[in-house]
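To start, the structure under review is shown below, and the notes come after it.
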Number of protein chains: 2
Amino acid sequence: MSDEFCSCDVVHENVIEMVRKKMPQEEKLYDLAELFKVFGDTTRVKIISALFEAEMCVCDIAELLHMTPSSISHQLRVLRQARLVKHRKEGKVVFYSLDDEHIKNIFNQGLEHILEPRGFEYAIS
Amino acid sequence: MSDEFCSCDVVHENVIEMVRKKMPQEEKLYDLAELFKVFGDTTRVKIISALFEAEMCVCDIAELLHMTPSSISHQLRVLRQARLVKHRKEGKVVFYSLDDEHIKNIFNQGLEHILEPRGFEYAIS
DNA sequence: TGCGCATATGAACAATTGCTCATATATTAA
DNA sequence: TTAATATATGAGCAATTGTTCATATGCGCA
């Protein structure tokens, strides 16, 4: 019954089996975590937030965020690989913009969670 | 005009100012990144995915994911602090469940992005 | 009380990550 | 071609993170 990983006696086997059958494939969940990892960095969140408002080149973003073009370029690479941004070349300048409608929804749901009123643990003061 | 961070000549100041005004507060974006960071780990994504289906105790989750109760407990702590799960004690056993409706939306939007057909870079083969 | 079990937590270590710096590539202009 | 500029990329380093292991806490039962 129990494998090597859990020595507990109180294991609800029927629940575990039911859940195991319903859960998405392991690979999908891995990819999902990889996607959220991309959103899980302040610099990248700022870049995405900026691109909601306008298409921008690397230098614009660098100046906006008071960071070096190099670090911005590194992060844009990550965003590109996750297919969250697309780019358009105009001479030497590369303009970036958002590539996906899901992003806005994910972003806004996240903001709603952040802005939600806290539970009683703060109400007690 | 240009500060110390970007030495580019082609900086679209008007765009930058417009975007700067529209962007959410720095603190909000920081918190948002922190939230997504919580989603950005395979173990935690699996736990969340499991709790979509049923309330479970620490040992159930450990057995389900073939991991130690200790590591699950550590991750549940992170999920608790982000207010993504809530817990309910029943004797020695602690049952965890999801604490928020936004989570499902964020999760599903993420899955939609993952499952989206790829762009031409794969079509060329 | 004292034991056993479910969960929580702290320290430590390996692995990952984001930035900096140096350098490479690409495009325009002289 | 050569120089200048915008962007990209690789190596290296400091900081962060997830797991393991040891130990602590909390609850039920004898």
Side-chain angles (χ1 to χ4, degrees), chain A residues 2 4-12 15-16 29-30 33-48 55-82 85-97, chain B residues 2 4-12 16 30 33-48 55-82 85-97:
Chain A
S2 59
E4 68 212 284
F5 295 100
C6 187
S7 56
C8 301
D9 288 341
V10 187
V11 172
H12 310 83
V15 174
I16 293 176
L29 295 175
Y30 177 84
E34 290 299 306
L35 174 65
F36 287 126
K37 216 170 278 182
V38 176
F39 283 94
D41 173 77
T42 309
T43 301
R44 288 192 294 267
V45 161
K46 286 179 184 171
I47 293 174
I48 291 168
E55 167 187 79
M56 297 178 90
C57 72
V58 177
C59 272
D60 289 346
I61 301 173
E63 173 134 338
L64 173 69
L65 303 184
H66 304 299
M67 294 179 69
T68 63
S70 173
S71 62
I72 298 299
S73 182
H74 274 293
Q75 298 296 13
L76 284 169
R77 186 168 185 269
V78 176
L79 291 169
R80 245 188 291 129
Q81 288 175 336
V85 302
K86 60 189 173 202
H87 58 288
R88 170 177 81 78
K89 285 188 90 169
E90 199 169 282
K92 286 177 291 189
V93 183
V94 181
F95 289 95
Y96 281 86
S97 57
Chain B
S2 60
E4 68 213 284
F5 294 100
C6 186
S7 56
C8 301
D9 288 340
V10 186
V11 172
H12 309 83
I16 293 176
Y30 177 84
E34 289 301 305
L35 174 65
F36 287 127
K37 215 171 277 184
V38 175
F39 284 94
D41 173 77
T42 309
T43 300
R44 289 193 294 267
V45 161
K46 285 179 186 171
I47 293 174
I48 292 169
E55 166 187 80
M56 298 179 91
C57 72
V58 178
C59 271
D60 289 345
I61 302 173
E63 172 133 339
L64 174 68
L65 304 184
H66 304 297
M67 295 178 68
T68 63
S70 174
S71 62
I72 298 299
S73 182
H74 275 294
Q75 298 297 10
L76 285 170
R77 186 168 185 271
V78 175
L79 291 170
R80 246 187 292 130
Q81 288 175 337
V85 302
K86 60 189 174 203
H87 59 287
R88 170 176 81 79
K89 286 187 90 168
E90 199 169 282
K92 287 178 290 188
V93 184
V94 180
F95 288 96
Y96 282 85
S97 57

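A note on names: the letters A, B, ... follow the listed sequences, proteins ahead of strands, and every chain is numbered from 1. On a predicted model such as this, the values are computed, not experimentally measured, just so you know.
Taking CD1 of B:Ile16 as the reference point, atom CD of A:Glu63 lies at 4.5 Å (rounded to 0.5 Å). Atom-to-atom distance recorded for B:Lys46:NZ and B:Asp41:CG is 9.5 Å, nearest 0.5 angstrom. Between the NZ atom in A:Lys86 and the CD atom in A:Glu55 there is a gap of 9.0 Å [rounded to 0.5 Å].
Between A:Phe39 atom CZ and C:dT17 atom C1' there is a gap of 18 Å when expressed in whole angstrom units. We find that CG of A:Leu79 is positioned 12 Å from P of D:dA8, with the value rounded to whole Å. When rounded to the nearest whole Å, the span between OH of B:Tyr30 and C1' of C:dG18 equals 14 Å. As rounded to whole Å, 10 Å separates atom P of D:dT7 from atom CG of A:Leu76. One can place CZ of B:Phe36 at 15 Å from P of C:dG18, the figure rounded to the nearest angstrom. Distance NE2 (A:His12) to C1' (C:dA6): 11 Å, rounded to an integer number of Å.
Scanning all heavy atoms of the two residues, the minimum distance from B:Val85 to B:Arg80 falls at CG2-N, 3.7 Å. Shortest non-hydrogen contact noted between A:Pro69 and A:Val58 is O-CG1, 3.8 Å. Across all their heavy atoms, A:Val45 and A:Phe39 have their closest contact at CG2-O, 3.0 Å.
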Sugar-phosphate means primed atoms, P, OP1 and OP2; the rest is base. With that split, encode nucleotides 25-30 of chain D 5' to 3' as B, S or - using protein heavy atoms under 4.0 Å.
-BBS--
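For A:Tyr96, a side-chain nitrogen or oxygen approaches OP1 or OP2 of D:dA8 to under 4.0 Å. Here A:Ser73 reaches the OP1 or OP2 of D:dA8: one of its side-chain N or O atoms lies under 4.0 Å away.
The aromatic rings of B:His12 and A:Phe95 lie tilted to each other, with the angle between the two planes from 30° to 60°.
Checked against D:dT7, C:dT7, D:dA22, the side chain of B:Ser70 finds its nearest nucleotide in D:dA22.
Exactly one of B:Ile47, B:Leu76, B:Ile72, B:Asp60 qualifies for a side chain to side chain contact (heavy atoms under 4.5 Å, CB included) with B:Tyr96. That residue is B:Leu76.
The residue A:Phe95 sits apart from the nucleic acid: no heavy atom pair falls under 4.0 Å.
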Taking only nitrogen or oxygen atoms into account, show me every contact under 3.5 Å that the protein makes with nucleotides 15-19 of chain D, one pair per line with its distance.
residue, atom, partner, partner atom, Å
D:dG18, OP1, B:Arg44, NH1, 3.2
D:dG18, OP1, B:Arg44, NH2, 2.8
D:dG18, OP2, B:Arg44, NH1, 3.4
D:dT19, OP1, B:Thr43, OG1, 2.6
D:dT19, OP2, B:Gln75, NE2, 2.5

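Considering only heavy atoms from C-beta on, B:Val78 comes within 4.5 Å of B:Gln75 through its side chain.
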